[in-house]
Amino acid sequence: MQEYNPKKIEKKWQKYWEDNKTFEVTEDKKKEKFYSLIEFPYPSGEGLHVGHPRPFTAMDVVSRKKRMEGYNVLFPIGFDAFGLPTENYAIKTGRQPAEVTKENIANFTRQLKILGYSFDWSRVVDTTDPNYYKWTQWIFLQLFKHGLAYKKNQPINWCLSCKIGLANEEVVGGVCERCGGPVEKRNKEQWMLAITKYAESLLQGLGTVDYIERAKIEQTNWIGKSEGASVFFSVIASDERSEERGNPTGIPSSLEAPRNDRILEVFTTRPDTLFGATYMVLAPEHQLIEEMKEKIENWSEVLKYIEEAKKKTDIDRTNDEKEKTGVELKGIKAINPVNNEEIPVWVADYVLVGYGTGAIMAVPAHDERDFEFATKHKVNIKKVVAPYLKDSPREDKETEERDVITAIVKNPKDNTYLCLDWKTTPWKSFPTGGIEGDDLETAAKREVLEETGYTNIKFIKQIGDSVFAEFYRPHKDSNVFAHFKYLLFELQNDSKLEIDQKEKDQHEALWVKEEEIDSFINVWNQKLIWKCMTEGECSYTDAGIAINSEFINGLKTEEAKEKMINWLEEKGFGKRETNYKLRDWVFSRQRYWGEPIPLVDCKKCGGWVPLPEEELPLKLPEVEKYQPTDTGESPLASIEEWVNTTCPKCGGSARRETDTMPNWAGSSWYFLRYMDPNNGKVFASKENMKYWGQVDWYNGGMEHTVLHLLYSRFWNQFLCDIGEVPFKEPYKKRTSHGMILAKGGEKMSKSKGNVVNPDEMVEKFGADALRAYIMFMGPFDQAVEWDTNGLVGVKRFLDRVWGLQERLDERNKKQETRNKAIDAIDVALHKTIKKVTEDIDAMRFNTAIAKMMELVNEMMKEEEISITSYQSLVTILSPFAPHICAELWEQYGEGDMVWPKYDPTKIVEDEITIAIQVNGKVRDELTVSVDISEEEIKKLALESEKVDKWIDGKEPKKVIYVKGKLVSVVV
RNA sequence: GCCGCGGUGGUGGAACUGGUAUACACGAGGGACUUAAAAUCCCUUGCUCUCGGGCAUGCGGGUUCGAUUCCCGCCCGCGGCACCA
């Protein structure tokens, strides 16, 4: 046997795969396709670090297995090469970004190749290649032609150190996401993509794909859909008071006939609380303030507030527990359409311009922010929702509606409260009971007497308002829809009557200390009222039952919303409305190293004219100087000969757009190009797209679960809508890998000097060991720390696999012992095949490898192993360690490797070990035949000496048998 | 604050649907081979005691014959969103 020499065999097989184009695929209609995708890397000057191979290896394992299962597997690779780091590096070294990119790609390619990935290298895409970005520009033009790209003057986030405009999502915690530098607001004309038009579609699409739950949740939150209503409030100045004031018949009957004053539109998700809207708030930027400045009596104060608000940065404005500030607009009022009441209008910066209409109706009783504001500024608070909880009433039981009184009895001497500990249910509560037609106080006193015997308590006050709850009462075996009221009493003296036995059986009365009440009481409504009593009034923001709200009184929140929306629509005071947090996508960058936007500005034609498709790609000019500018202009703007052009429509003089596209552009459709990478006529042929279809499995970083995924889904959906792509959702399945961290739990970075270089690891241990170790490190979706020692262990495992060659049987030698050995291995082998097969599909690579290690450890104990077992081992290991396995297969395999199927009959052992428990503790183990009957094993268990000792002569109460696992004896 | 994920030996981590907790690997200790070292192989390795056991899966309760797993209440760490009306 030759020594295991990774360097030699890895080189040999990498050359073989390249020479034979082993992994290049064609659209073979006879085979079922499988498209596996990794996020294509950004080719930085630093090269790959040891974290990069994690997702690549994982999907390589998946792809190699799928191939052995007979699929036609597309597993492509490419480079997302536009972007800042390269541009910055090029500026620093005085070179061309294109040239630097070429070098970096070459280096990445070399590094990827020595890791032995089964990429189809004939399909490489490079986003900076004009043959690629021609189509990125083409897609942009389609968006433009469909009205989804528009230019808008708006404040942008300008990073002072990168000298670049950032999308909202690139500003993290008020600083630049890439460099951590300060960000300021600047006004600039920006290209925007109307992704908000796709908000609903992007949300709905999530229901049709198999993404990790977290990705779905984060995207859903990002889209931020809320449903509710727009409500129109009239705004009047005090000198405009109309005759109709106070006259209910003056309510306008439709939108077409508003009153002679201004309309303030607000969005609310809680139209059911409209009767509780006691004031309005405008964002400082709201137009109405400026429009009504003549009417505002305290204009100078208001102006001062607005000026100050504008000065604040986003961070200051949203900063933590800052007190809510605001100024009332004196002299103007809004009219609540439901009750015609005049309510004050405020300006406050807790209302944001960017969401909804930049104005709100404030309902302090049922919104925490409004409550805080109203409390501070002494604005009226009006409750319109009573708390209500449906606490799993039983469908099959009757429901009784009842008024219920709860008595909170305090003993002022020692600050304790009278409580009940229920025996028939887990409830712990205050004395509570139904009102039998008597008044609240009498009813409460009666309940206290009946349930606890205390005769002398003094009424103090009523606490809170009504609370409703629907639940099951075990002691009465029925449901109750209860309407609770709460009264506070003080105990006068200890005089007490004997109570009924029936009451005694139901609960025990006890005195609980004030500070323990919160943890003692466990019924929802009383916990709530206790909080209200001890912490003072607070806002109730959950759903409930409408009160003090005329025509919706008594309705549950959902019904109340519906009824209110219908009423608003009927009367013309509002309409059903949906809002999204998602904003349009800022698509302009003022940098050189990006795709030029293929539009020209023609004065004669009155605006933006797209380049004809034949003129694409619009290439980046090769120039000496492409430094960013401080002015916010793109570097392209200073290249006169490029900027000045002729209008494709009228032939007159025109200027090119000088902004470039953001980095997200090229990566928003690359998976489509892979299907037909060299097509010069279209971005990808329909035929190829139909064959390869959706990406079957896409794995990428957690950091891309929101933006990249959303952007690419948007482009794909759009292309699908205009008939260019045959499927709506680009990715069928999406998974994410955890990061590989440096030792100590830090991110690997050049500046920290803790980067582990894969080249070095391959040099020392071989690519196979590195790959297998990366898969073995820990759960794939969790972050793990790099540990070179662990790599040593995996290398030892491969050494042992190699060494097993020595134990292969020589067919006719020692026939008897051989058969025995093979049988012993067979069970372990088939269990391993099963586990590895399942684990790869579920991305549990670590346990797949652990299982193969176990198998090898088993095999090491045998003097001889069969060649067929060895073949199976080599096959299932090959996705992880392809080179060594290819080498071994060349010597011991027959034909092509085919993924083995486990034989269910072979994983059944004839003897099993059954644990015997006594009172839940394992006391003995019995090895018995698999097909032992329940009676037999129970009998054997009870006969066991060790068990006997623990049973200690007692009669077993119960003996439980879990098939094939254990016997549990209860004494 | 809200949403999501996680907490198991000295370390990375296993554990099916509630069924023998600690697989696999690292590290450590001991031994074999060797003139010696490396490599390799074998054994031991959760804690603890009185060697029968007792205690251990972040903490405290609960359900169960039986809980890392289910329920309730906390603590800690990570990630996302963050005045979104």
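So that the names make sense, note that chain A is the first sequence line, chain B the second, and so on, each numbered from 1. When reading the values below, keep in mind they use all heavy atoms of this one structure, side chains included, and skip hydrogens, waters and symmetry mates.
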So which protein nitrogen or oxygen atoms get under 3.5 Å of nucleotides 72-79 of chain B's nitrogens or oxygens?
from, atom 1, to, atom 2, distance (Å)
G79(B), O2', R214(A), NH2, 3.0

Taking only N/O atoms, report every protein-nucleotides 37-43 of chain B pair under 3.5 Å with atom names and distance.
from, atom 1, to, atom 2, distance (Å)
C41(B), OP1, R800(A), NH1, 3.4

Identify all pairs in which a protein N or O lies below 3.5 Å from an N or O of nucleotides 12-17 of chain B, and state each distance.
from, atom 1, to, atom 2, distance (Å)
G12(B), O2', M777(A), O, 2.9
A14(B), OP1, N846(A), ND2, 2.9
C16(B), N3, K965(A), NZ, 3.4

With the criterion being N/O to N/O and under 3.5 Å, what pairs connect the protein with nucleotides 50-54 of chain B, and how long is each?
from, atom 1, to, atom 2, distance (Å)
G54(B), OP1, R923(A), NH2, 3.4
G54(B), OP2, R923(A), NH1, 3.4

Could you go over nucleotides 61-70 of chain B and give all protein N or O partners under 3.5 Å, atom names and distances?
from, atom 1, to, atom 2, distance (Å)
C65(B), OP1, K958(A), NZ, 3.1
C65(B), O2, S968(A), OG, 2.7

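Nucleotide G29(B) is shown with an anti base, its glycosidic torsion being more than 90° from 0.
Taking NE2 of H366(A) as the reference point, atom OH of Y540(A) lies at 9.5 Å (rounded to 0.5 Å). We find the OG1-CZ distance between T847(A) and F776(A) to be 10.0 Å, quoted to the nearest 0.5 Å.
Phosphate proximity of A85(B) to S226(A): present, with a side-chain N or O under 4.0 Å from OP1 or OP2.
For RNA chain B, each stem of at least three Watson-Crick or G-U pairs (distances under 3.5 Å) is given as range with range: B:1-7 with B:75-81, B:10-12 with B:24-26, B:27-32 with B:40-45, B:46-48 with B:53-55, B:58-62 with B:70-74.
Residue contacts shown for N789(A) are limited to sugar-phosphate atoms, with no base heavy atom under 4.0 Å away. Among the heavy atoms of the strands lying under 4.0 Å from G793(A) are primed sugar atoms or P, OP1, OP2 only; no base atom is included.
The separation of G27(B) from G73(B), taken at their P atoms, amounts to 44 Å, rounded to a whole angstrom.
Remark: M739(A) CE is loosely packed, at most 12 non-hydrogen atoms of other residues, nucleotides or ligands lying under 6.0 Å away.
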